[in-house]
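As the structure lists them, so they are numbered: ligands from 1, and atoms in each ligand from 1. Note that the numbering runs from 1 along the sequence shown for the chain. Since the model is a prediction, treat every value here as computed from it, not as a measurement.
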Amino acid sequence: MRTIANELKAQGVHVINFAAGELDVDTFDLVKDGAREAIEVGKNAYTPTLGLPLLRKQLATLVTKQVDVPYSDNEVGLTAGAKQALYNAAMVLLDPGDEVIIPAPYWVTFPTQVELAQGIPVFVNTKPHGYQLKASAVEQALTPRTKAIIINTPNNPTGVVYSNGELAKIAELALAYDVWVIFDECYASLVRSGFRHEHILTIEPRLKSRSVLVNSFSKSHALTGWRLGYVAGPAEVIKAMENLQGHTTSNPSSIAQYAISHALKHDEGKFITGVNKLLDERLAAAQVIVAEMPGVRLASPQGAFYLFIDISAHLGKRLDDVLVSDVDRLCELALREAQIALVSGAAFGDPTSVRVSYAIGADDVVEGLHRLRNLLERLR
Ligand SMILES: Cc1ncc(COP(=O)(O)O)c(C=O)c1O
């Protein structure tokens, strides 16, 4: 797909890229100031593996505030993005053959990391319930080999925010069956107007001893390339992660750490408020156009910045003599015929849908979705 996109771009075609998994805005001045200062004063050396002591202290305060459950410095750590936090969790918690429940559709990395740790992904389909994770579905998937469940809310790719009621029941199950909860809340600060990110630990603080919280500055501070995420969990789990990380990558970037430390000290939340306002506006414009698309269904876009559009009604149709045999074929056609890059739901374990990011320029959101609507209208 990237090759086709590049070919088209080289021909001067305006390709609209709905595929990016990151905000299109620049990070903010506080972060840049912190980084500049760190570079100026030569903060180039190794830091402790799980981060600067001051930053771990700040992080403990941040997590305590986010969750409303107390966390101390030795219960948190900095990682090279949430991806490393999740990898650490898989490697530290899983033994070969352990089962891990993963709600589907899922972020692509979850099952692969479980497999890297020789665990076995067990998928629970959320689609029948409007992409909400139901405790009853989780309960059905539990076996004596279940070691953990990965919960990602707000969800990538669906944009759905999991409900307080279901999370409460899932927390009860996790306690009753002694299962770890890996709670990926990378998009926690990106929630659409009228919705709220619910935290499983705020709902059930007793789960703290069985929870690993994963979060990131990638999306909340628009610095995906700087690679800074964080993890919170029981001290012995964090210690085990420190041992692992000490022999894999060591500390995340020192400059990124100083930058975030500076931002956390002075941030009053203006940046993220502005980003959410922008995303609310783009979403409102997008929803009008999606509502005009023939035969599609949209997952309720409550958080993150994705539209997850069910296009199954169009599979098996034709564009002239080209058969749209599956969702990948549709994505290829969308790129060739409409010059829009979508992500196939097949990548997320759902071959009936496509993912569209609305964290791209407002004009591109509108123009790109019009192109998709026109393409779908041409299918017979
Ligand atoms: C659900 C989810 N978790 C984790 C990550 C990884 O984020 P990071 O850039 O912090 O490694 C992503 C990135 O797209 C994501 O969507």
Check: Would you say the side chain of V212 lies within less than 4.5 Å of the side chain of M241, judging by non-hydrogen atoms?
Finding: yes

Notebook entry, point to check: Using the ring of each side chain (for Trp, its six-membered ring), is F217 parallel, tilted or perpendicular to Y230, with breaks at 30° and 60°?
Noted result: tilted

Next item on the list: Could you give me the CA-CA distance, side-chain angles and deciding distance for H221 and D267, then say whether side-chain contact (heavy atoms from CB on, under 4.5 Å) is met?
Entry: CA-CA 11 Å; H221 290 63; D267 187 14; 4.3 Å; yes

Notebook entry, point to check: Taking the side chain as C-beta and beyond, is there a heavy-atom pair between K208 and V67 under 4.5 Å?
Noted result: no

Which atom pairs, nitrogen or oxygen on both sides, join ligand 1 and the protein at under 3.5 angstrom?
| residue | atom | partner | partner atom | Å |
| --- | --- | --- | --- | --- |
| ligand 1 | 3 (N) | D184 | OD2 | 2.6 |
| ligand 1 | 9 (O) | S218 | OG | 2.8 |
| ligand 1 | 9 (O) | R227 | NH1 | 2.9 |
| ligand 1 | 10 (O) | A82 | N | 2.7 |
| ligand 1 | 10 (O) | S216 | OG | 2.6 |
| ligand 1 | 10 (O) | S218 | OG | 3.0 |
| ligand 1 | 11 (O) | A82 | N | 3.1 |
| ligand 1 | 11 (O) | K83 | N | 3.0 |
| ligand 1 | 11 (O) | R227 | NH2 | 2.7 |
| ligand 1 | 14 (O) | K219 | NZ | 2.7 |
| ligand 1 | 16 (O) | N156 | ND2 | 2.8 |
| ligand 1 | 16 (O) | Y187 | OH | 2.8 |

Margin query: Less than 4.5 Å apart, side chain to side chain, heavy atoms only: is that true for F308 and D350?
Written below: yes

Note to self: A cation-pi test, strictly: NZ or CZ of K219 under 6.0 Å from the centre of the six-membered ring of F305 and no more than 45 degrees from its axis. Yes or no?
What the structure shows: no

